[in-house]
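Just so it is clear, the values below take in all heavy atoms, side chains as well, and ignore hydrogens, waters and symmetry mates. By convention in this document, chain letters (A, B, ...) are assigned in the order of the sequence lines, proteins followed by strands, and residues within each chain are numbered from 1.
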Amino acid sequence: MDSAAPAPPEHEDELVNRDRRLAGASLAAAAERYGLELPPSSTRGKGFAGRLLEVALGATAGSRAAPDFPELGIELKTLPVDLQGKPRESTWVCHCPLDGSLPISWADSWVRQKLSRVLWIPIVYDASAELGDRRIGLPILWSPNAEEASMLGQDYEALAERVALGEADTISARHGVALQIRPKAADARQADWVVGEEGEWTLANPRGFYLRASFTGAMLARRVTTGG
DNA sequence: GACTGATCATGG
DNA sequence: CCATGATCAGTC
């Protein structure tokens, strides 16, 4: 049942206030409130927190390639953190095409668009917590400041250059200070046709862009300790 | 404990 | 199948 799901928020304030009312709730409690079944384990529940918050906050984009709140231009991201508020994981941003269609410049990139305005919702838990015991934290509405945009842009353009040179095979998660490229697929057997170093077509594992935990951690620390 | 590569679920 | 949503789990 999704009868408890609200209509899309019309203003940023409304969106943020909705999450403030959810803050402190466990995922189990929030799931019950919105009529979602709690997955039987965290392994089977990857992505559950994100889908739950989409329902709870009235996101509309579903699985389409659009912001979660198209009218507000806001992307919703849950961010798993430990009890000290430190990110436990990197953050998925978007697919990284290896077929020659990836924009070379940061200004034209989908990564920049996706990250231009993000509502971060911390999911707070320690290592022993079951999925349902993880708690929803206070939201942070974020846009990259000059320093953050500069870091992201430099990483992006360095990575995009490697992709453009057909060095897909040599791209690993080791590159990039804030932004990295990692495998992103149902399993390692999945493959896409990509342009190789000699311009030939070869198969490679699908990749995506991720934000390193060190980057989101610094972002959170700045926003929390300075008040915004 | 951090980090990378691998993997799980849902919907169109 | 491909996009969305991420976290797991082995290795460094």
Side-chain angles (χ1 to χ4, degrees), chain A residues 1-2 5 27 30-31 34-70 74-99 101-102 110-111 113-115 118-134 136-137 155 159 168-194 203-218:
Chain A
M1 295 286 236
D2 60 356
L27 295 184
Y34 292 97
L36 300 187
E37 191 171 341
L38 193 69
S41 70
S42 55
T43 301
R44 311 263 298 220
K46 296 180 186 182
F48 179 73
R51 280 180 275 114
L52 171 60
L53 269 296
E54 285 180 350
V55 170
L57 299 179
T60 56
S63 63
R64 285 177 296 139
D68 294 295
F69 302 97
I74 292 175
E75 181 74 17
L76 175 66
K77 291 253 172 245
T78 58
L79 181 60
V81 300
D82 65 19
L83 300 185
Q84 283 71 242
K86 200 174 91 175
R88 312 183 65 95
E89 296 286 349
S90 53
T91 301
W92 159 254
V93 180
C94 60
H95 180 62
C96 174
L98 303 176
D99 62 357
S101 68
L102 181 70
W110 194 7
V111 175
Q113 276 189 51
K114 274 253 180 188
L115 297 180
V118 178
L119 184 69
W120 296 101
I121 300 180
I123 303 296
V124 187
Y125 58 100
D126 70 21
S128 64
E130 300 292 326
L131 179 63
D133 295 331
R134 301 176 183 185
I136 299 169
D155 279 350
L159 291 166
D169 289 344
T170 72
I171 295 170
S172 81
R174 292 179 180 77
H175 305 287
V177 177
L179 191 68
Q180 61 182 169
I181 290 178
R182 300 234 302 279
K184 164 69 172 179
D187 60 65
R189 258 51 66 185
Q190 295 223 342
D192 286 339
W193 288 104
V194 310
L203 285 169
N205 190 239
R207 310 299 174 93
F209 287 102
Y210 292 78
L211 296 176
R212 288 187 184 276
S214 56
F215 177 82
T216 52

ask   = Looking at the side chain of T43(A), which of dA9(C), dT7(C), dT4(C) is the nearest nucleotide?
value = dA9(C)
ask   = For the helix from dG1(B)-dC12(C) to dG12(B)-dC1(C), what angle lies between the axis at the first five pairs and the axis at the last five pairs, to 10 degrees?
value = 20°
message = Among residues at least two apart in sequence or on other chains, which ones pass side-chain contact (heavy atoms from CB on, under 4.5 Å) with V81(A)?
response = L79(A), P122(A), V124(A), L220(A)
request  = Could you tell me which residues satisfy ring pair (Phe, Tyr, Trp, His ring centres under 6.0 Å) with F209(A), sequence neighbours excluded, listed by chain and number?
outcome  = Y156(A)
request  = Measure from CG on L131(A) to P on dA9(B) and round the result to the nearest Å.
outcome  = 12 Å
message = Strictly below 4.0 Å: does T78(A) bring a side-chain N or O up to OP1 or OP2 of dG5(C)?
response = no
task = Could you list the residues that satisfy side-chain contact (heavy atoms from CB on, under 4.5 Å) with S101(A), not counting sequence neighbours?
result = P97(A), D99(A)
request  = Just call it for E75(A): base, sugar-phosphate, or nothing, with non-hydrogen atoms closer than 4.0 Å on any strand.
outcome  = sugar-phosphate
note = From CG of L27(A) across to P of dA9(B) the rounded distance in Å is 17 Å
ask   = What integer distance in Å separates R88(A):CZ from dA2(B):P?
value = 10 Å
ask   = For K184(A), which residues count as a salt bridge (Lys or Arg N to Asp or Glu O under 4.0 Å) partner, sequence neighbours excluded?
value = none
request  = Taking only the side-chain heavy atoms of K86(A) (C-beta and beyond), determine which of dA2(B), dT10(B), dA3(C) contains the nearest atom.
outcome  = dA2(B)
Measure all distances between protein nitrogen or oxygen atoms and nitrogen or oxygen atoms of nucleotides 4-6 of chain B, and list the pairs falling under 3.5 Å.
unit_1	atom_1	unit_2	atom_2	d
dT4(B)	OP1	A173(A)	O	3.0
dT4(B)	OP1	R212(A)	NH1	3.2
dT4(B)	OP1	R212(A)	NH2	3.3
dT4(B)	OP2	Q180(A)	NE2	3.1
dT4(B)	OP2	R212(A)	NH1	2.8
dG5(B)	OP1	R174(A)	NH1	3.1
dG5(B)	OP2	A173(A)	N	2.9
dG5(B)	N7	R182(A)	NE	2.9
dG5(B)	O6	R182(A)	NH2	2.8

ask   = With a non-hydrogen cut-off below 4.0 angstrom, is P80(A) in contact with a base, only sugar-phosphate, or nothing?
value = sugar-phosphate
remark   = Comparing nearest nucleotides in DNA chain C, the 5'-proximal residue of the pair V93(A), S42(A) is V93(A)
query = CD of Q190(A) versus C1' of dA3(C): gap in Å, rounded?
reply = 12 Å
ask   = Contact class for G50(A) vs. all strands (heavy atom < 4.0 Å): base, sugar-phosphate, or nothing?
value = sugar-phosphate
request  = Using whole Å, report how far CZ of F48(A) lies from P of dA9(B).
outcome  = 14 Å
Minimum side-chain heavy-atom gap L203(A)-W193(A) below 4.5 Å = yes
ask   = Starting at the 5' end of DNA chain C and moving along, which residue's nearest nucleotide shows up first, R51(A) or A191(A)?
value = A191(A)
query = Can you tell me how far P of dG5(C) sits from CZ of F69(A), to the nearest Å?
reply = 11 Å
query = What is the nucleic acid contact for W110(A), judged by heavy atoms within less than 4.0 Å: base, sugar-phosphate only, or nothing?
reply = sugar-phosphate
query = In whole angstroms, how far is the C1' atom of dC1(C) from the CG atom of L203(A)?
reply = 15 Å
query = Say you draw a straight line from SG of C94(A) to CG of L115(A); how long is it, rounded to the nearest 0.5 Å?
reply = 7.5 Å
query = Residues two or more places apart in sequence or in another chain: which of them pass ring pair (Phe, Tyr, Trp, His ring centres under 6.0 Å) with Y125(A)?
reply = none
key: Heavy-atom donor-acceptor pair, D192(A) side chain to N205(A) backbone, under 3.5 Å   = no
inquiry  = Using whole Å, what does the distance between atom C1' of nucleotide dA3(C) and atom NZ of K114(A) come to?
reply    = 9 Å
ask   = Within the structure shown, what part of the strands sits under 4.0 Å from R134(A) by heavy-atom distance: base, sugar-phosphate, or nothing?
value = sugar-phosphate
task = With sequence neighbours left out, write down each residue that passes side-chain contact (heavy atoms from CB on, under 4.5 Å) with E75(A), or none if nothing qualifies.
result = P67(A), D68(A), K77(A), K114(A), V118(A)
Atom pairs and distances, side-chain donor-acceptor, residues 172-180 of chain A, under 3.5 Å, sequence neighbours left out:
unit_1	atom_1	unit_2	atom_2	d
S172(A)	OG	R174(A)	N	3.0
Q180(A)	OE1	R182(A)	NH1	2.7
Q180(A)	NE2	A173(A)	O	3.0

task = Assign A185(A) to base, sugar-phosphate, or nothing according to its heavy-atom contacts below 4.0 angstrom with the strands shown.
result = base
